[in-house]
Structure formats: C-alpha cells, structure tokens
2 protein chains.
Amino acid sequence: MSQHLIPEELNPEGADFLPGLAMDFVIFGFHQNQLKILLLDYRNTDLFALPGGFIRQNENLNDAARRVLAERTSLTDIYLEQFYSFGDVARHDVAPLRAIMEAKGLKPGDDHWLLRRFVSVGYYALIDFTKAVPIADLLSDSCAWYELTNLPPLMLDHRAIVQKALETLRADLDRKGAGLNRWAAPLLSETFTMGELQSLYETILGQKLRRSSFQRKMLSLDILVRLDKKYSGGAHKAPYRYRFPAEEK
Amino acid sequence: MSQHLIPEELNPEGADFLPGLAMDFVIFGFHQNQLKILLLDYRNTDLFALPGGFIRQNENLNDAARRVLAERTSLTDIYLEQFYSFGDVARHDVAPLRAIMEAKGLKPGDDHWLLRRFVSVGYYALIDFTKAVPIADLLSDSCAWYELTNLPPLMLDHRAIVQKALETLRADLDRKGAGLNRWAAPLLSETFTMGELQSLYETILGQKLRRSSFQRKMLSLDILVRLDKKYSGGAHKAPYRYRFPAEEK
DNA sequence: TATTATTGTTCCAAAATGAGACAATAACCA
DNA sequence: TGGTTATTGTCTCATTTTGGAACAATAATA
C-alpha cells in the first residue's frame, strides 16, 4: 500500500492535473465586525499560504474552483468570483514549497511537478463564518481564519493576491446594489440588524458611512424584510432584525 | 533550411511556451463612431478568431501579453487590462484549429501541442485605430478590424470572451472618471470635440446620454484642455476641440 | 422615575442630475 | 446681404440624491 506514503494528489507526475496551472483562493468570512480569510499554516516552516488547488484534465476551470473550495470549507453553493490570474516569473520560487514538502517527509526531486512554475487563477469567495469547517490540505497543518487587518507573512505573492481580491470585492460592492442579498447573505447570519449590515459595508470598504443615509439607501432597495426586535440587553432602544427574502428560483 | 517550413513558433513541442496556457485579446479601436475589434481571418476555413498568443517559459504573464500585442498591432505603450481566464473543457475542440493548420499545409499529429486543451487568459486593449498596423500571425491570412455590432462567427468561445471584455470595459468606465485620459486617449485622435467624446461613451455603454449633463460632467472633471474651434464645413456653430493634458511623469 | 445609549425617522441644506430653453454661431441659400 | 438651418455652449429650473444634524422612541439601569 505504498500509495499511502505518496498521496495520490502528490504523485510524482501530477498527471491528472493541468500542468503549470493552479488556483488560489481568498476566502472571506465576517465575524465580530472583522473581515477574515482562511490561511493554511505550515507550522514547521513559519509559512502561511492561501488555500489553492489544481484543475483536473477533464474539469472546467470554474468547476475545479468549486470542488477545491468545497474540500477546504465543507460548503457548497458558495459565492465565488474569479478575479485575476497571476503569472509573474518571480512567483516561481521552489524554496518555500520544497521546505514545506520536506517538513512533511517528502523528498521531491528538482523536477517534481509541484516545484515547476505555476500561473495561478485567483478566486475570491464569501462564506458563512459560522458554517464553514476549515479543513487543512495534505501539506499543511491547519486551515484557519486570520483577520485581514493582521495577516501573518504569506508565501510568494499571496499578499498581493489578497490585496487584489479585496480591491475587486470593493469594486464589485459598488456595482451590485441589486445583488446585495447574493453577496451579503453568506457573510451575515440568517437575521441581522441594520447596524451589523452597515458594519459589514464599512469593514469591506474600509471607511465609515453615515448612519441615516445608509439606512435610507438600504430600505429604499426594498429588499430587506423587517422582523422582530433584537433585545441585546443594552440600555437603549432595540434594533429591528432583518433578513433577505427567500431565493426565488 | 527546413525550419522555414515549420516556423519556430509552431515547432512540434512548443517547448519554449508554458504548456496548456494561452492568451486571447479583445483589441478595441474606435472609428467613425463605431467600436471595432481586431480579428484574425482564416479565409480557407471561414473561421474568425481573436488574436492570441503564448507565454514563454521565462516571461511574466503580463509581459507576454504586451509582447504579443505589440506583434499584432505594431504598437507599444498600450492600454491593457487582464479581465478573465477561460477554462471550460468545451473550449477544447481540435477540429477548428486542425482545419486551420491543414489549410496552411501543416499536418499536425493528434498530440501536437497546439491541439491540446488550453486555458486562456483574456485581455482587453484600447488602441488608436489610426496608428495601429494590424499584422496577421503565422496561421492566419489577415488581421483586420470588425465592427463590434456586426461580428462574423467566431471560433470556440471567442464570442463569449468578447462579451465579457465588453462588460468589463463598461464596468471599468463607471469607476474610472479620474482615469479618463488614460483609457479614452488611445481611442480618440489627439484632439476631439465634446460630441466625439460623448459618442465614444455612448458607443461603449450602448445607450444615449444627455448632452448638457454630459458636457457639464466632463468639464467639471477639470481635465480637458480647450483649444481652438473645429470648422467642419457644416452650417452650424463650430464645436471646440479638446485634448488631454500632457502626461506628467 | 430620571438617566443613558442606541435606534428609527424626520428635516433641511447642499449637491447632483434631468429636461429643456435659449442665444451664438458657421455655412448655406434666396 | 440678410434670412435659414443645424449644432453647440451655456443657463435655468424642477427633481432627485446626499450630507449632516436633530429629535423622538425606546430598553435597560440607577
């Protein structure tokens, strides 16, 4: 049973995958008024990395993204957007990956397929922080949430990938007032207050918004369903809860 | 000198290129109030295609895009944006490319590198219609302009690529009032009238704009330099010419 | 019962936009 | 030469949107 020593996904040829092409994921969650992303932690090497994956020979690129995303988060039906492809030669640095593989007891040859140059297609995903069950991949020791404002050092160009993902997310925000329920729903709990929704906007955009204007605009979209009030125990008026209307198919 | 029969770029291995990865270009020009794009024409096969190219082993992805773009247009310093990567399995259809190659007298084997599956990175470019000198590639018979509103049938998913490019261009337009001079300059001649600028907007956005509002907004950007008047010979008031201020470095 | 913090709403000024109106022309024409 | 016509630059005013603040309505607490 020697294939247990060399997992199928790390076979010397990587034969079932498209060569030279990878995907990297910036997976956003929102918790306690903070944007967080999932990172893989290679403890033995002090290296953190974005979750990634490869495309099978008979698989659509975007389908591969959903497959890998499901593997890392245990979720399907994820809000997912492809945002940019990264192909600088400088990405090709065998040192970190070799260190990671050796920390796992592998001794890859210089021509191991994982050590070749990769162009990587970047995706960002928006998922429910409370429902996701982050699962480490074969080479990493953990897959966990990290605050976007306080990221550990990332390998290769992953910092730039995160930055580009955030910029794209912000730009998409402006253009998608209508699709609010599609992108905001996964980041919030089932019901939420206006303050929580505003906080989400402020955190993503990185700037404060005016309370009355925000409320006016959100209500004018005519997409929020007002429910009962939320009594938080504070010495003040209780805010209404809202939810998005049920998806119509 | 048999390598003249099999051009270096079509060598059996494609060894100098990253395997399985290509680029497709939607190259926009603006002429006579029409948006046009460059297409390659394979006359013998009734097939039209977007200009494309491959990435060298030691070349940054975006650098490769500029190199190929220069080859097709004879221009450098082009406004260029990467907008999406296309990776459906359905893209992999050997028939059209085989037909094209055989029309050129090549007899590719089933495993010829050009006949394998490619993921393609899409770029759109904005260039000066009057300055570009479209140059056909090794497999095509011509590289010429076609009206966006009246495109011939395109091979594979190239129609969808054009559509996505246009959508991205429109979205970018909204967000880049400031960068107006960067993106609009290559599409217009050195000097232009307000009507021509408005026509450019209307053509890209696919909708009419109000004349007075447009003029007010453009002038309020404080970026247009008003020059002399343009006497076109028409029986009416002559419009001012404008130009963008010289780039500051 | 007064106090406090937070919320939903209202109000008004300021800014942006929509929709025309109007005067100023170039060229043409009678 | 003076009227005609099409187009342009600007102005006006109504409408809409936004900014910024005020205000009343609470939940809990003291």
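Below, each value reflects all heavy atoms present in this structure, side chains not excepted, and no hydrogens, waters or symmetry copies. Letters go in sequence order (proteins before strands), and every chain restarts at 1.
One interatomic measurement links the two molecules: CG of B:L197 to P of D:dG9, which rounds to 12 Å at whole-angstrom precision. Distance B:L219 CG to D:dT10 P: 7 Å, rounded to the nearest Å. Between B:R241 atom CZ and D:dG9 atom P the separation is 12 Å, expressed in whole Å. The distance between atom CG of B:D228 and atom P of D:dT8, rounded to the nearest whole Å, is 16 Å. Rounded to whole angstrom, the span from the CD atom of B:Q215 across to the P atom of D:dG9 amounts to 5 Å. The separation between A:Y240 atom OH and D:dA27 atom C1' is 13 Å, rounded to whole Å. To the nearest angstrom, P of D:dC11 lies 13 Å from CZ of B:R211. Between B:R216 atom CZ and D:dA14 atom C1' the separation is 12 Å, expressed in whole Å.
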Audit row: A:D172, A:R182, salt bridge (charged side-chain N to carboxylate O under 4.0 Å, His left out) steps and yes/no: CA-CA 12 Å; A:D172 287 352; A:R182 290 236 333 286; over 6 Å; no
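Interface remark: the B:R226 side chain does not form any donor-acceptor pair with the D:dG9 base, using a distance-only criterion of under 3.5 Å.
Along DNA chain C, the stretch of nucleotides lying under 4.0 Å from any heavy atom of chain B spans, 5' to 3', C:dT17 to C:dA27.
Under the 6.0 Å cut-off for aromatic ring centres, A:F192 and A:F244 qualify, their centroids lying closer than that. The distance between the ring centers of B:Y146 and B:F48 falls below 6.0 angstrom.
Rounding to the nearest 0.5 Å gives a distance of 9.0 Å between CG of B:L35 and CG of B:L126.
When heavy atoms are screened at a 4.0 angstrom cut-off, A:S212 is found touching base atoms of the nucleic acid.
Here A:E190 does not pair with A:R243 in a salt bridge; the nearest charged N to carboxylate O distance is not below 4.0 Å.
Taking every heavy atom of both residues into account, A:R226 and A:L219 meet most closely at NH2-CD1, 4.2 Å.
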